[in-house]
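Below is one structure, written out as structure tokens; comments come after it.
Side-chain atoms are counted along with the backbone in the values below, which use heavy atoms only and exclude waters and symmetry mates. In this text the structure is predicted, and so the values were computed from the model without any measurement. Chain letters run A, B, ... following the sequence lines, proteins first and then strands; every chain starts at 1.
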Amino acid sequence: MTEKVRVRFAPSPTGYLHIGGARTALFNWLWARHTGGTFVLRIEDTDQSRSTKQAEEAIYEGMRWLGLDWDEGPDKGGPHGPYLQMERLDIYKAHAEQLIKEGKAFACYCTKEELDAGRKKAEAAKVQFRYPGTCREKPYDPSKPHVIRFRVPETGSTGWNDLVKGRIDTPHDTLQDEVILRSDGVPLYNFGAVVDDVTMKINLVARGDDHVNNTARQILMYQALGYPVPHFAHLPMILGADKARLSKRHGATSVIAYRDMGFLPEAVVNYLVRLGWSHGDQEIFTLDELVKFFDFKDVGATAGVFNPDKMTWVNHEWLRKLTPEKHAELALPFFKAAGMDAALDAKLVKITALGQERTKTLVELATWGRYFYLPIELDPKAKAKFLVPDTKPLLQAVRDGIAGMETLEEKPLEALFNDVAAARALGLGKIAQPVRVALTGGTASPGIYDVIILLGKATSLQRLDDAIALCG
RNA sequence: GACCCCAUCGUCUAGAGGCCCAGGACGCCGCCUUCUCAAGGCGGAAACCGGGGUUCGAAUCCCUGUGGGGUCACCA
């Protein structure tokens, strides 16, 4: 391929951008950026009953969030537009007419009912239904209701060298004269995609491998139209844990849902690209590295199971790379959404800094940090174990110590805890745990001095008093 | 059912005939560190789908069985 790479992502706007689509878009985008080529976004909205403007917007939103920018597209324009299929009807019509004129396509006047009857009969006879060629030789009469069918050869086969799957050949006898233009003039997928790809000068088609069975018939159309055939790369499917194709019942499949769950786009991209592609033993990649390293030759041929646990780990890795300030900035909306009166200030920065090693998503971070902003939720088991008569004097001693401090600093607090422990010949844990329960409601938190400092004197004293009262 | 694709630890994968009694990562388990939780360090269990070939030698090549996935529309 010496020509400049032109690839595309061509979703149909029938729902949000899902994980599988995002990965297809990502691989195309990476290859365009890797080669200095062009990434085209085309919206395949010919199924008017299922396509919506909202879905179209949702796709843009998902792509933008992931950072996959397109060079040509519906909103952006470009030299080969329009990029919305419903605005290209005349282009399909012209191409279909050319095929009719050359005898490579023909009008079919069969009704849907007639065809369904044939299909039913074939099913009963347990054979595969193929269009019987009823109208193959009939003269073209545009005044009668009709669809346009593409004439496929009866014998021989068509194949291509797939960039990820290698050589694939499809015998023509498994194909049929399929409909390329519906009676209302709207093209069907295979024709629309071919006409668009040729007119948009796409020279590499990378898409899900659920399209391998469409490829031979599309190649036949390229040839019939007299256009060069692009290269193809068929990407393996993404599966759920049960090895069935990933769908809603496996959990969230919308890219945006992961944003809302507190994932970073870098992490989603990183995880998605590694699902089906690898570069030695490396797991964490920046976008720049991906652009540099990505190649279809390293894309595997096997379907992969989507693993939320690993994506969460990748997210944690990315979260940890953030500066505390940036982390806080990204976390703020999640704290607010969880009902906390947080602001982008030193307190939040410190909290998120402490949470950075401890939480794997921004949602988890906000939940984890609740007690810094909201009243504690006392864990009954923790209370039963640590807020008891035995610990009352310890809490009291710590309380009094804190009460006597002008400002809260780590060293004096540490001295205080050590003194309280030493005075009773107890380990530090015996003091820290009850205090932790008093201050946070549970038995797990950052270092106890950090917690006290962050909570501040008034709140710390208040919570200790409340706890002391509960010790019975 | 027909046609097509695929097949290494539970999962993502490395492996392009000898470097592999198979390496990394997630998850899981244990130990260390320790005021708890994380993080970190160390260690562990865990795979070449079965059967035939080819070859001095196969996870790697071929055939076949099996399994999984995909496609069979006036959907995309």
Side-chain angles (χ1 to χ4, degrees), chain A residues 10-14 44-47 49-51 85 108 110-112 115-116 119 123 126-130 145-149 162 165-166 168-171 173-176 178-190 192-193 207-216 234 236-237 239 241-245 271 274-284 300-314 316 320 354-360 368 382 386 414 417-418 421 427-437 440 442-449 451:
Chain A
S12 57
T14 55
E44 306 209 331
D45 55 352
T46 54
D47 184 347
S49 62
R50 293 197 301 149
S51 298
Q85 286 194 319
C108 172
C110 298
T111 63
K112 198 156 183 1
L115 293 167
D116 283 344
R119 225 167 253 128
E123 197 181 330
K126 294 205 177 215
V127 298
Q128 191 180 337
F129 176 78
R130 291 184 70 212
H146 66 278
V147 299
I148 306 298
R149 285 180 186 276
D162 197 274
K165 290 180 182 290
I168 299 177
D169 282 282
T170 305
D173 61 13
T174 64
L175 270 25
Q176 58 179 325
E178 71 179 281
V179 177
I180 58 175
L181 228 50
R182 295 192 282 218
S183 48
D184 60 3
V186 176
L188 251 56
Y189 168 74
N190 276 315
R207 73 239 292 195
D209 75 5
D210 47 338
H211 286 296
V212 295
N213 289 290
N214 286 325
T215 306
H234 286 96
M237 298 279 90
L239 276 21
D242 59 357
K243 302 260 186 186
R245 193 198 194 128
Y271 174 72
R274 275 287 288 106
L275 186 53
W277 173 87
S278 64
H279 184 73
D281 287 339
Q282 190 171 344
E283 296 285 349
I284 302 299
T302 44
V305 174
F306 181 74
N307 184 342
D309 279 347
K310 182 139 185 186
M311 189 160 89
T312 302
W313 174 78
V314 172
H316 192 199
R320 294 173 64 188
L354 291 172
Q356 218 159 356
E357 297 283 323
R358 288 168 241 255
T359 57
K360 296 178 160 80
W368 169 87
F386 292 105
E414 191 178 350
F417 275 69
N418 283 331
L428 200 50
K430 294 285 186 204
I431 315 300
Q433 278 309 79
V435 173
R436 193 182 318 276
V437 173
T440 70
T443 54
S445 85
I448 196 65
Y449 314 129
V451 172

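Look at CZ on F417(A): it is 16 Å from C1' on U34(B), rounded to the nearest Å. The CG atom of L175(A) sits 18 Å away from the P atom of A2(B) (whole-angstrom rounding). Rounded to a whole Å, the NZ atom of K243(A) is 9 Å from the C1' atom of G10(B). Remark: C1' of A38(B) and CG of L354(A) are 11 Å apart, rounded to the nearest angstrom. Rounded to whole angstrom, the span from the CD1 atom of I448(A) across to the P atom of U34(B) amounts to 18 Å. Between the CD atom of Q85(A) and the P atom of C75(B) there is a distance of 13 Å, rounded to whole Å. Look at CD1 on I168(A): it is 12 Å from C1' on C3(B), rounded to the nearest Å. Following rounding to the nearest Å, L239(A) (CG) and U13(B) (P) show an atom-to-atom distance of 11 Å.
Comparing G65(B) with C3(B), their P atoms sit 12 Å apart, to the nearest whole Å. The C1' atoms of A2(B) and U60(B) are separated by 32 Å, rounded to the nearest whole Å. Look at the C1' atom in both U8(B) and G23(B): the space between them is 11 Å, to the nearest Å. Nucleotides A76(B) and G67(B) are separated by 34 Å at their P atoms, to the nearest Å. The gap from the C1' atom of A7(B) to that of U64(B) amounts to 15 Å, rounded to the nearest Å. Distance check on atom P: A45(B) versus C6(B) gives 34 Å, rounded to whole Å. One P atom belongs to A58(B), the other to A14(B), and the distance between them is 23 Å to the nearest Å. One C1' atom belongs to U71(B), the other to A25(B), and the distance between them is 34 Å to the nearest Å.
As judged by a 4.0 angstrom heavy-atom cut-off over every strand, T443(A) is placed among the base-contacting residues. Among the protein residues, Y449(A) comes within range of the nucleic acid bases, having at least one heavy atom under 4.0 Å from a base atom. Heavy atoms of P446(A) sit under 4.0 angstrom from at least one base atom. Using a 4.0 Å heavy-atom criterion, one finds that T170(A) contacts no nucleic acid atom at all. Within 4.0 Å of G192(A), counting heavy atoms only, lies no atom of the nucleic acid at all. Counting any heavy atom pair closer than 4.0 Å across all strands shown, H234(A) reaches no nucleic acid atom. If you check every strand for non-hydrogen atoms under 4.0 Å, S278(A) touches sugar and phosphate atoms only.
Remark: S12(A) pairs with no residue by the side-chain hydrogen bond (donor to acceptor under 3.5 Å, both in side chains) rule, at least two apart or across chains. For D47(A), the salt bridge (charged side-chain N to carboxylate O under 4.0 Å, His left out) partners are R50(A), not counting sequence neighbours. Partners of D210(A) according to the salt bridge (charged side-chain N to carboxylate O under 4.0 Å, His left out) rule, which considers only residues two or more places apart in sequence or in another chain, are R245(A). Residues satisfying the ring-ring contact (aromatic ring centres under 6.0 Å, His included) test with F386(A), not counting sequence neighbours, are none. Every salt bridge (charged side-chain N to carboxylate O under 4.0 Å, His left out) that D184(A) has, sequence neighbours left out, goes to R182(A). Scanning for salt bridge (charged side-chain N to carboxylate O under 4.0 Å, His left out) contacts around E357(A) gives R320(A), with sequence neighbours left out. In this structure, the ring-ring contact (aromatic ring centres under 6.0 Å, His included) partners of H211(A), at least two apart in sequence or on a different chain, are Y189(A).
Note on T302(A): every side-chain N or O is 4.0 Å or more away from OP1 and OP2 of A7(B). Put simply, R320(A) has a side-chain N or O that comes within less than 4.0 Å of OP1 or OP2 on G40(B). Distances shown here put every side-chain N or O of R245(A) at or beyond 4.0 Å from the OP1 or OP2 atom of C6(B).
The nucleotide G30(B) finds its pairing partner in C42(B), both defining distances of the Watson-Crick or G-U wobble pair being shorter than 3.5 Å. With both pairing distances under 3.5 Å, C9(B) is matched to nothing as a Watson-Crick or G-U wobble pair. The nucleotide C21(B) finds no pairing partner, because no Watson-Crick or G-U wobble arrangement with both distances shorter than 3.5 Å includes it. In this entry U55(B) has no Watson-Crick or G-U wobble partner, no candidate having both defining distances under 3.5 Å. In a base pair of the Watson-Crick type (N1 to N3 plus N6-O4 or O6-N4) or a G-U wobble (N1-O2 and O6-N3), with each distance short of 3.5 Å, C49(B) is matched with G65(B). For C72(B), the paired nucleotide is G1(B), the pair qualifying as Watson-Crick or G-U wobble because both relevant distances are below 3.5 Å. Base pairing of C37(B): no nucleotide in any strand meets the Watson-Crick or G-U wobble criterion (both distances under 3.5 Å).
Contact annotation: the side chain of T443(A) approaches that of Q433(A) to within less than 4.5 Å [non-hydrogen atoms, C-beta and beyond]. Counting heavy atoms from C-beta outward, S183(A) and H146(A) have side chains that stay 4.5 Å or more apart. For the pair P187(A) and T46(A), the minimum side-chain heavy-atom distance is below 4.5 Å.
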**Fill in**
Whether each nucleotide of nucleotides 21-29 of chain B has a protein heavy atom under 4.0 Å at its base (B), only at its sugar-phosphate (S) or at neither (-) is summarised, 5' to 3', as --BBBS---

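For the pair D209(A) (side chain) and H234(A) (backbone), a donor-acceptor distance under 3.5 Å is absent.
Among residues at least two apart or in separate chains, there is no salt bridge (Lys or Arg N to Asp or Glu O under 4.0 Å) pair with a member in residues 427-437 of chain A.
When each of C6(B), A76(B), U36(B) is scored by its nearest atom to the side-chain atoms of K165(A), the top-ranked nucleotide is C6(B). Set against C4(B), A76(B), A38(B), the side chain of E357(A) has A38(B) as its closest nucleotide.
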Taking only distance into account, with no hydrogens and no angle test, what donor-acceptor pairs under 3.5 Å do side-chain atoms of residues 304-312 of chain A form with protein atoms, sequence neighbours excluded?
residue: N307(A); atom: OD1; partner: D309(A); partner atom: N; Å: 3.0
residue: N307(A); atom: OD1; partner: K310(A); partner atom: N; Å: 3.3
residue: K310(A); atom: NZ; partner: E283(A); partner atom: OE1; Å: 3.2
residue: T312(A); atom: OG1; partner: P308(A); partner atom: O; Å: 2.7

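When each of G166(A) and L275(A) is assigned the nucleotide of RNA chain B bearing its nearest heavy atom, the one mapping closer to the 5' terminus is G166(A).
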All N/O pairs under 3.5 Å across the protein-nucleotides 17-19 of chain B interface:
none

Each nucleotide N or O in nucleotides 72-74 of chain B that has a protein N or O under 3.5 Å away: list the pair and distance.
residue: C72(B); atom: O2'; partner: Q128(A); partner atom: NE2; Å: 2.9
residue: C74(B); atom: OP1; partner: R119(A); partner atom: NH2; Å: 3.4
residue: C74(B); atom: OP2; partner: R119(A); partner atom: NH2; Å: 3.4
residue: C74(B); atom: O2; partner: S183(A); partner atom: N; Å: 3.2
residue: C74(B); atom: O2; partner: S183(A); partner atom: OG; Å: 3.1
residue: C74(B); atom: N3; partner: S183(A); partner atom: OG; Å: 3.2

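Judged by distance alone, the side chains of H316(A) and T359(A) never bring a donor and an acceptor atom under 3.5 Å apart. For the residue pair R358(A) and S445(A), no side-chain donor N or O sits within less than 3.5 Å of a side-chain acceptor on the partner.
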